[in-house]
Amino acid sequence: MKNALLPLFLLLILLLSACGGGETTTTLQVDMVEFMFEPKTFTVPAGQEITLELVNKGAIEHDFVILKQGVVAEGNFDRTAHQADILFEARLAPGKSDTFTFTIDAPGEYQVICSIPGHLAAGMAGKLIAR
Ligand SMILES: [Cu+2]
């Protein structure tokens, strides 16, 4: 009876890990549009260089800003007042694409936002998980 439950248990683990925010990857492909990131949850290994392939598919300028661990931005993000809260940023004009690299040293969860005024309030946010 104990052995009969094992495959079921393994299947459960597989299902749970499948919805934990995606596979851990060192290359992120992210599209930006009005007003969201696609995808919006990213899982990366901590302490490794991450390649970010960013595409602005929108009609206006957007940026991909990773805030420091524990910082939670809501509503209108004031860049000038919160410059020290920014861990990484990459900005693209509409229709442009580029490749960037960054490294997250500490495991944990980080908020990702577009810091252009009004965009976070419109829902342009995501979550980065470093493991
Ligand atoms: Cu934006």
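We're numbering straight along the sequence, starting at 1. Predicted, not measured: the structure shown is a model, and the values here were computed from it.
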Asker: Is Arg91 close to Ile116 at the side-chain level, that is, under 4.5 Å between some pair of heavy atoms?
Answerer: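 Contact flag for Ile116/Arg91 side chains = yes.
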
Asker: What do you reckon, is CD of Gln83 surrounded by more than 12 foreign heavy atoms closer than 6.0 Å?
Answerer: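 Enclosed.
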
Asker: Does Met124 reach the side chain of His62, with side-chain heavy atoms less than 4.5 Å apart?
Answerer: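 Yes, their side chains come closer than 4.5 Å.
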
Asker: Working to the nearest 0.5 angstrom, can you tell me the gap between Leu52 CG and Glu49 CD?
Answerer: 11.5 Å

Asker: Any side-chain heavy atom of Phe37 sitting closer than 4.5 Å to one from Cys114?
Answerer: yes

Asker: With heavy-atom distances below 4.5 Å as the criterion, would you say the side chains of Ile86 and Leu67 are in contact?
Answerer: yes

Asker: Where do Ile60 and Asn56 come nearest, in terms of heavy atoms and distance?
Answerer: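 Minimum heavy-atom separation between Ile60 and Asn56: O-ND2, 3.0 Å.
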
Asker: What do the steps show when you test Leu54 against Thr99 for side chain to side chain contact (heavy atoms under 4.5 Å, CB included), and what is the final call?
Answerer: CA-CA 6 Å; Leu54 198 60; Thr99 301; over 6 Å; no

Asker: Rounded to the nearest 0.5 Å, what separation is found between the CD atom of Glu89 and the CZ atom of Phe100?
Answerer: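 One finds 10.0 Å between CD of Glu89 and CZ of Phe100.
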
Asker: Could you walk me through whether Leu87 and Ile66 pass the side chain to side chain contact (heavy atoms under 4.5 Å, CB included) check?
Answerer: CA-CA 5 Å; Leu87 199 62; Ile66 303 171; 4.1 Å; yes

Asker: How close do Thr103 and Gly47 get, heavy atom to heavy atom, and via which atoms?
Answerer: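 Reported closest heavy-atom pair: CG2-C, 3.8 Å.
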
Asker: Distance only, no hydrogens: is a donor on one side chain within 3.5 Å (strictly under) of an acceptor on the other, for Glu34 and His119?
Answerer: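 No donor-acceptor contact under 3.5 Å links the two side chains.
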
Asker: Tell me, with the steps shown, if Tyr110 and Phe88 meet ring-ring contact (aromatic ring centres under 6.0 Å, His included).
Answerer: CA-CA 11 Å; Tyr110 299 80; Phe88 168 82; over 10 Å; no

Asker: Are Leu28 and Ile50 packed together at the side-chain level, in the sense that at least one heavy-atom pair is separated by less than 4.5 angstrom?
Answerer: yes

Asker: Report the distance from atom CD of Glu74 to atom CD1 of Ile113, rounding to the nearest 0.5 Å.
Answerer: 11.0 Å

Asker: Quick test of your reading of the model: are Arg79 and Asp85 salt-bridged, counting only N-O distances below 4.0 Å?
Answerer: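 No, no charged N to carboxylate O under 4.0 Å.
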
Asker: Are the side chains of Lys96 and Leu92 in touch, meaning some heavy atoms are under 4.5 Å apart?
Answerer: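 Yes; the side chains approach each other to less than 4.5 Å.
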
Asker: So, do Val71 and Gln111 sit near enough that their side-chain heavy atoms are less than 4.5 Å apart?
Answerer: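 Val71 vs Gln111: side chains apart.
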
Asker: What are the two closest non-hydrogen atoms of Ala130 and Ile104, and how far apart are they?
Answerer: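 Nearest heavy atoms, Ala130 then Ile104: CB-CG2, 3.6 Å.
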
Asker: Would you check if Glu109 and Leu128 make a side-chain contact, meaning some heavy-atom pair closer than 4.5 Å?
Answerer: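 No, side chains not in contact.
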
Asker: Who passes side-chain contact (heavy atoms from CB on, under 4.5 Å) against Lys57, sequence neighbours left out?
Answerer: Asp31, Val33, Val55

Asker: If you take all heavy atoms of Asn76 and Gly118, which pair is closest and at what distance?
Answerer: OD1-N, 3.4 Å

Asker: Okay, side chain of Asp63, backbone of Val65: is any donor-acceptor separation there less than 3.5 Å?
Answerer: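 Between the backbone of Val65 and the side chain of Asp63 there is no qualifying donor-acceptor contact (under 3.5 Å).
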
Asker: In this structure, would Val44 and Val30 fall into the same cluster of hydrophobic residues linked by side-chain contacts under 4.5 Å?
Answerer: yes

Asker: Just by distance, do the side chain of Gln69 and the backbone of Pro107 share a donor-acceptor pair under 3.5 Å?
Answerer: yes

